[in-house]
Amino acid sequence: MPVNTQAGEPRRPPFDAEAARRLREALGMTPAHVAYGIWAAYGIRVQPATVASWESGESTPTEAELTALAGALWCAPGDLLGAPGTLREYRLALGLAPDALALTIGMDLAAYERLEAGGKWSGNDRQAAALAGALKLPLPALLRFTGRDGKLTELLTSAATTRWQAYVRPVGKLVPLPKERIQQVLQELHTDYQAAMTATLNWGGGDGTEESGRAGRAFLDGVLAEFWARLGAQGPAAAQGDPVGRRWEPGPSRG
């Protein structure tokens, strides 16, 4: 099991121990070779036993050690990480330092570090586009990191429960995709929500109203994930990673 980070220790990124071992073996290196490469190129002293403990999952490298390890193994830092989930993990996967990223997106370093620590997004559309480009963020991740996923959830909930046509334009302002695709998914969400409510009313007997309410709440609790899943499951463009893998770009609203 990985060692827990204690108070005062450097934060440690999520680490793919198996990938580190596999990459080292593919290069014909021993843990001693890796430890020497880290010291020679980055001036960070680690013991071969430390490298072995990373590969066994007994411990994990710090952010600086991860960057040095990637250099010693001739790979990108992202090759030593699992799928990124947080803003920090997206940054680490590309080997970017916080100050360099803050400069790239035109944001004060302290403001960026607060954002990475879970703070509220305070940037503008230009900075959001720069963040998406610098970190290669898919749309769902960008909306989450910039605090727009809550607004999108509200719009999707209203579209499912009332007249979906009224929400095509507002959703399109948050999710810059073709109007026709947004229309199709909103209509599907509305139809499926109404069907779930009707089915539970018809099958629930005396408790039909209560069952219908539970079914409706369950559907709406997952409406955001369902929205992205349906967009990502449609057509040849979706098979290529669009829109879930598509980066957000500013421009005229598509409504």
Novice: Can you check whether Leu152 reaches Trp228 side chain to side chain, under 4.5 Å on heavy atoms?
Specialist: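 Side-chain contact under 4.5 Å: yes.
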Novice: Please find the pair of heavy atoms, one from Trp121 and one from Gly147, that lie closest to each other, and give the distance.
Specialist: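 Nearest heavy atoms, Trp121 then Gly147: CB-N, 4.5 Å.
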Novice: So, Ser158 side chain and Leu155 main chain: donor-acceptor pair closer than 3.5 Å or not?
Specialist: no
Novice: Does the side chain to side chain contact (heavy atoms under 4.5 Å, CB included) test come out yes or no for Leu103 and Asp99, once each step is laid out?
Specialist: CA-CA 6 Å; Leu103 180 63; Asp99 55 349; over 6 Å; no
Novice: With a 4.5 Å cut-off on side-chain heavy atoms, are Arg230 and Leu189 touching?
Specialist: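 Heavy-atom side-chain distance check passes, below 4.5 Å.
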Novice: CG/Leu109 to CZ/Arg114 distance, rounded to the nearest 0.5 angstrom?
Specialist: 9.5 Å
Novice: Looking only at non-hydrogen atoms, find the nearest pair between Phe145 and Gly85 and report the distance.
Specialist: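 Smallest heavy-atom distance, with atoms named: CZ-O, 3.7 Å.
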Novice: Taking Arg88 for the side chain and Glu116 for the main chain, is one N or O donor matched with an acceptor at less than 3.5 Å?
Specialist: no
Novice: Return the OG1 to CG distance between Thr104 and Leu96, rounded to the nearest 0.5 Å.
Specialist: 7.0 Å
Novice: When rounded to the nearest 0.5 angstrom, what distance separates CG in Leu220 from CD in Glu226?
Specialist: 11.5 Å
Novice: Heavy-atom count around Gln47 CD within 6.0 Å, excluding the residue itself: above 12?
Specialist: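 Not buried by this count: 12 neighbours or fewer within 6.0 Å.
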Novice: Return the CD1 to NE2 distance between Ile38 and His33, rounded to the nearest 0.5 Å.
Specialist: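 Answer for the CD1-NE2 pair, Ile38 versus His33, is 13.0 Å.
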Novice: Counting C-beta onward and ignoring hydrogens, is there a side-chain heavy-atom pair between Cys75 and Leu80 closer than 4.5 Å?
Specialist: yes
Novice: Using modelled atom types and a 3.5 Å cut-off, is there a donor and acceptor pairing between side-chain atoms of Thr191 and backbone atoms of Glu188?
Specialist: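 No; zero donor-acceptor contacts below 3.5 Å.
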Novice: Heavy atoms, side chains only, cut-off 4.5 Å: are Gln183 and Trp164 in contact?
Specialist: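 A side-chain contact exists here, since the closest heavy-atom pair is under 4.5 Å.
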Novice: Nearest heavy-atom pair of Pro84 and Tyr90: which atoms, and what distance?
Specialist: CG-CE2, 3.6 Å
Novice: Within the structure provided, determine whether Glu65 and Ile44 are in side-chain contact (heavy-atom separation under 4.5 Å).
Specialist: yes
Novice: Got a second to check how far Leu142's CG is from Leu135's CG, nearest 0.5 Å?
Specialist: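 Reported to 0.5 Å precision, the distance equals 9.5 Å.
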Novice: Which atom names give the shortest non-hydrogen contact between Pro31 and Ala52, and what distance separates them?
Specialist: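 Smallest interatomic distance, heavy atoms only, reads CB-N, 4.5 Å.
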Novice: Do you know which two heavy atoms are closest between Leu23 and Leu73, and how far apart they sit?
Specialist: CB-CD1, 4.3 Å
Novice: How many angstroms lie between atom CZ of Arg22 and atom CD of Glu55, to the nearest 0.5 angstrom?
Specialist: 11.0 Å
Novice: One pair to check against ring pair (Phe, Tyr, Trp, His ring centres under 6.0 Å): Tyr36 and Trp39. What are the steps and the verdict?
Specialist: CA-CA 5 Å; Tyr36 177 78; Trp39 172 75; 5.8 Å; yes
Novice: Heavy-atom distance under 4.5 Å between the side chains of Val34 and Val46, does that happen here?
Specialist: no
Novice: Would a distance-only check, ignoring hydrogens and angles, find a side-chain to backbone donor-acceptor pair under 3.5 Å from Gln127 to Asn124?
Specialist: yes
Novice: Which residues satisfy the salt bridge (Lys or Arg N to Asp or Glu O under 4.0 Å) test with Arg144, sequence neighbours excluded?
Specialist: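 Checked Arg144 against salt bridge (Lys or Arg N to Asp or Glu O under 4.0 Å); zero matches.
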Novice: Show, in sequence, the C-alpha distance, side-chain angles and deciding distance for Gln184 and Gln187, and conclude whether the side chain to side chain contact (heavy atoms under 4.5 Å, CB included) test is met.
Specialist: CA-CA 5 Å; Gln184 179 183 354; Gln187 184 174 15; 5.9 Å; no
Novice: Taking the side chain as everything from C-beta on, heavy atoms only, tell me whether Tyr193 gets closer than 4.5 Å to Leu156.
Specialist: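 Not in contact.
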Novice: Restricting to non-hydrogen atoms, name the atom on Leu101 and the atom on Tyr112 that form the minimum distance, rounded to 0.1 Å.
Specialist: CD2-OH, 3.2 Å
Novice: Might you work through the salt bridge (Lys or Arg N to Asp or Glu O under 4.0 Å) test for Asp125 and Arg148, ending with a clear yes or no?
Specialist: CA-CA 11 Å; Asp125 282 355; Arg148 303 177 187 191; 2.9 Å; yes
Novice: Counting only N and O atoms by type, is there a donor-acceptor contact under 3.5 Å from the side chain of His190 to the main-chain atoms of Thr162?
Specialist: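 Present.
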Novice: For the residue pair Val185 and Val171, establish whether any side-chain heavy-atom pair is separated by less than 4.5 Å.
Specialist: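 Side-chain contact under 4.5 Å: no.
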